[in-house]
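In what follows, chains carry the letters A, B, and so on, assigned in the order in which the sequence lines appear, proteins first and then strands, with residues in each chain numbered from 1.
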Number of protein chains: 2
Amino acid sequence: MKNTPVTIKAIAATLNVSISTVSRALRDMPEVRAETRAAVQRLAAELDYQPNQLAKNLLYSRTRTIGVLMPNLSYHFYTAMLASIEEAALAAGYSLLVCQSNESHEREIINIQNLLRGQVEGFLLSVARDSTDYEHIARLTRRNFPLVLFDRYADEINASKVIIDDKGAAYRATEHLIEQGCRRIGFLAGPPNLLISNQRLLGYRAALVQYGLPLNDAYMLHCDLTPEDARTQTNRLMNLPAPPMACLWLATALPTPPCSR
Amino acid sequence: MKNTPVTIKAIAATLNVSISTVSRALRDMPEVRAETRAAVQRLAAELDYQPNQLAKNLLYSRTRTIGVLMPNLSYHFYTAMLASIEEAALAAGYSLLVCQSNESHEREIINIQNLLRGQVEGFLLSVARDSTDYEHIARLTRRNFPLVLFDRYADEINASKVIIDDKGAAYRATEHLIEQGCRRIGFLAGPPNLLISNQRLLGYRAALVQYGLPLNDAYMLHCDLTPEDARTQTNRLMNLPAPPMACLWLATALPTPPCSR
DNA sequence: CTGTTAGCGCATTCAC
DNA sequence: GTGAATGCGCTAACAG
């Protein structure tokens, strides 16, 4: 059960050298006689010695672990992000402590606590749908704790952010539809308390205004990111007396719709 | 930058008590005078004292962390599993170190190394598509390292397994199609070196035999789990002179097909 | 009720 | 070249 009973001390004892010599030999330090080093390394290999990372962690106060907090991994967007994050982390010799908030504010708080307890060196996080206040995150930034937000963010949070130009992108997408000849364009936005929803909505509205099209509230619906609600809201749009000729979705935030083919 | 400069020792110093008293007070041990405990706890709260988990880890040789190795999180099946695993882990006070092998044998080996280094207390893993030998996993079981396989397994691996009756399920599914009147049934199996692929294939074949239907090799294709190959193999089936009237997929292992609606 | 000591496994001074 | 001693932060005997 015990993972690694074989310690540096044990090696030192059987070889009749000191602990520090073993430590040095194992790390190929120059000031160690070749024969001694060889002997130590041979025995270490034989015993399948594994340095105790826990001890090193304490000594260096480092864990080489990054906490990742995702709203929901059933959105393919986040899964794809996770794959990339993992690749970069692996290349840098880091591991990932991964949690999902399931879009819940409370879960987000609990998870942050939990990750902190696991002594992550920093956080990557995308805020949950149901998070409205950000005190739990502010606590991190006040401590100057390494933190990067991605995709979903909030102006109140003073941290590095990896985001897109939500407003501009929505503007250009809307513009494209207008240029294709669409005059009635629907917009299925994400939850109203998510900043990216509103930014995109702004872009959409700006484009309509710019092109002299009417702003019709019936064409702008919010969706709470569940497949059910996505369906409900879509139906509401399509059942309008004059249904939209095209519709923009907050695609990255929507769960992959069940595929019926 | 330093996460927790405030240690138990610092508190002890400012309060003029011993380190152990602080330790005891903080953990609500009975043998501490009420006033002392109150004073300690007040100061600790004020300073936002956080016990150094690294030190505890070393002391107890425990990390409360479980390693999870998934073939690929873009398969919705694994994402769903991860959500459940996480829930159970959280409830038990554990964190998850998550890795993806991306179906690669080498990545699987590297990830196991990596997770071990992160000092996980045990593993949950589903073998990668490209893993043919299992020496890297045997190394774990030989050490008696806590390990549970799920979904994908191998007979050579001597560990607890959370799996389904692949053969029986495929048998019943095939039987169902036969009862619906299908006489030509296709079977799109997973990669040949995945045991679950073969188990399901066995069930399919057994059902055909049982019902006196011919075994036609042209109806049994392997698919390497990429969307591209899934499409290719499906086309091969459908372009047969007498294409199958129905087809069984190794659904859990296939990536969610891009949804075009 | 409280303080002192020892030790988790390792790296790192500082001596010799 | 090598060894003895110190400490990372904390808990657990063992005294008082």
Trainee: What does the B/S/- profile of nucleotides 11-16 of chain C look like, 5' to 3', with a 4.0 Å heavy-atom cutoff to protein?
Mentor: BBB---
Trainee: Taking ring pair (Phe, Tyr, Trp, His ring centres under 6.0 Å) as the cut-off, I'd like each qualifying pair that reaches into residues 98-129 of chain B, sequence neighbours left out, listed once.
Mentor: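 For residues 98-129 of chain B: H105(B)-H136(B), F123(B)-F145(B).
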Trainee: Would you mind reading off the distance between L58(B) atom CG and dT11(D) atom P, rounded to a whole angstrom?
Mentor: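 To the nearest whole Å, that distance equals 12 Å.
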Trainee: At less than 4.0 Å, is any side-chain N or O atom of S18(B) found next to OP1 or OP2 of dG3(C)? Yes or no.
Mentor: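 Checking dG3(C) against S18(B), a side-chain N or O does come within under 4.0 Å of OP1 or OP2.
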Trainee: Measure CZ/R62(A) against C1'/dG9(D) and give the value in whole Å, please.
Mentor: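 For the pair R62(A) CZ and dG9(D) C1', the rounded distance is 18 Å.
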Trainee: Among residues 34-42 of chain A, which residues get a heavy atom nearer than 4.0 Å to DNA chain C?
Mentor: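 Result for residues 34-42 of chain A: none.
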Trainee: Could you tell me the separation between the CG atom of N52(A) and the P atom of dG9(C), rounded to a whole number of Å?
Mentor: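 After rounding, the reported distance stands at 6 Å.
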Trainee: Hey, is E103(A) close enough to R152(A) for a salt bridge, meaning N to O under 4.0 Å?
Mentor: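 Judged by the 4.0 Å cut-off on N to carboxylate O distance, E103(A) and R152(A) do form a salt bridge.
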Trainee: Taking atom types as modelled, is there a side-chain donor on E108(B) or S131(B) under 3.5 Å from an acceptor on the other?
Mentor: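 Their side chains do contain a donor-acceptor pair, which is all the 3.5 Å distance test asks for.
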Trainee: What's the CG-C1' distance between L54(A) and dG7(C), to the nearest Å?
Mentor: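 Rounded to whole Å, this separation is 15 Å.
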Trainee: Quick one: do the E121(A) and Y94(A) side chains pair a donor with an acceptor below 3.5 Å?
Mentor: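 Yes, a side-chain donor-acceptor pair sits under 3.5 Å.
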Trainee: Over the length of the helix from dC1(C)-dG16(D) to dC16(C)-dG1(D), how much do the five-pair end axes diverge, rounded to 10 degrees?
Mentor: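 Answer rounded to 10°: the end axes differ by 50°.
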Trainee: Please report the shortest heavy-atom distance between S197(B) and P191(B), naming the atom on each side.
Mentor: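 Distance-wise, the nearest heavy atoms are OG-O, 2.9 Å.
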Trainee: Using a cut-off of 6.0 Å, state whether more than 12 heavy atoms not belonging to R42(A) lie near its atom CZ.
Mentor: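 Open: at most 12 neighbouring heavy atoms sit under 6.0 Å from CZ of R42(A).
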Trainee: Does anything in residues 68-92 of chain B pair up under salt bridge (charged side-chain N to carboxylate O under 4.0 Å, His left out), and if so which pairs, sequence neighbours excluded?
Mentor: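 Passing the test, one end in residues 68-92 of chain B: R107(A)-E86(B).
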Trainee: When the distance from CD of E31(B) to P of dA15(D) is rounded to whole Å, what number comes out?
Mentor: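 In whole Å, dA15(D) P and E31(B) CD are 16 Å from each other.
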Trainee: Under a 3.5 Å distance rule, please check whether S126(A) uses its side chain to pair with a backbone N or O of D151(A) as donor and acceptor.
Mentor: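 No, the answer is negative, given that no donor and acceptor are paired below the 3.5 Å cut-off.
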Trainee: Under 4.0 Å between a side-chain N or O of K9(B) and OP1 or OP2 of dG7(D)?
Mentor: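 Checking K9(B) against dG7(D): no side-chain N or O falls below 4.0 Å of OP1 or OP2.
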Trainee: Answer with yes or no whether the side chains of N72(B) and S74(B) bring together a donor and an acceptor at under 3.5 Å.
Mentor: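 On atom types as modelled, these side chains qualify, holding a pair under 3.5 Å.
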Trainee: Round to the nearest Å and state the distance from I11(B) atom CD1 to dG9(D) atom P.
Mentor: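 To the nearest whole Å, that distance equals 13 Å.
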Trainee: Which whole-number value in Å describes the distance from L15(A) CG to dG1(D) P?
Mentor: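 It is 18 Å, rounded to the nearest whole Å.
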Trainee: To the nearest Å, how far apart are L26(B) CG and dG9(D) C1'?
Mentor: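 Between C1' of dG9(D) and CG of L26(B): 13 Å.
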Trainee: Respond yes when some side-chain nitrogen or oxygen of T21(A) is under 4.0 Å from OP1 or OP2 of dG3(D), and no when none is.
Mentor: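 Yes, because at least one side-chain N or O of T21(A) sits under 4.0 Å from OP1 or OP2 of dG3(D).
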Trainee: With a 3.5 Å cut-off and sequence neighbours excluded, list the donor-acceptor pairs that the side chains of residues 153-163 of chain B form with protein atoms.
Mentor:
| unit_1 | atom_1 | unit_2 | atom_2 | d |
| --- | --- | --- | --- | --- |
| K161(B) | NZ | I157(B) | O | 3.1 |

Trainee: Verify, without hydrogens or angle tests, whether D229(B) (side chain) and D224(B) (backbone) share a donor-acceptor contact under 3.5 angstrom.
Mentor: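 Present.
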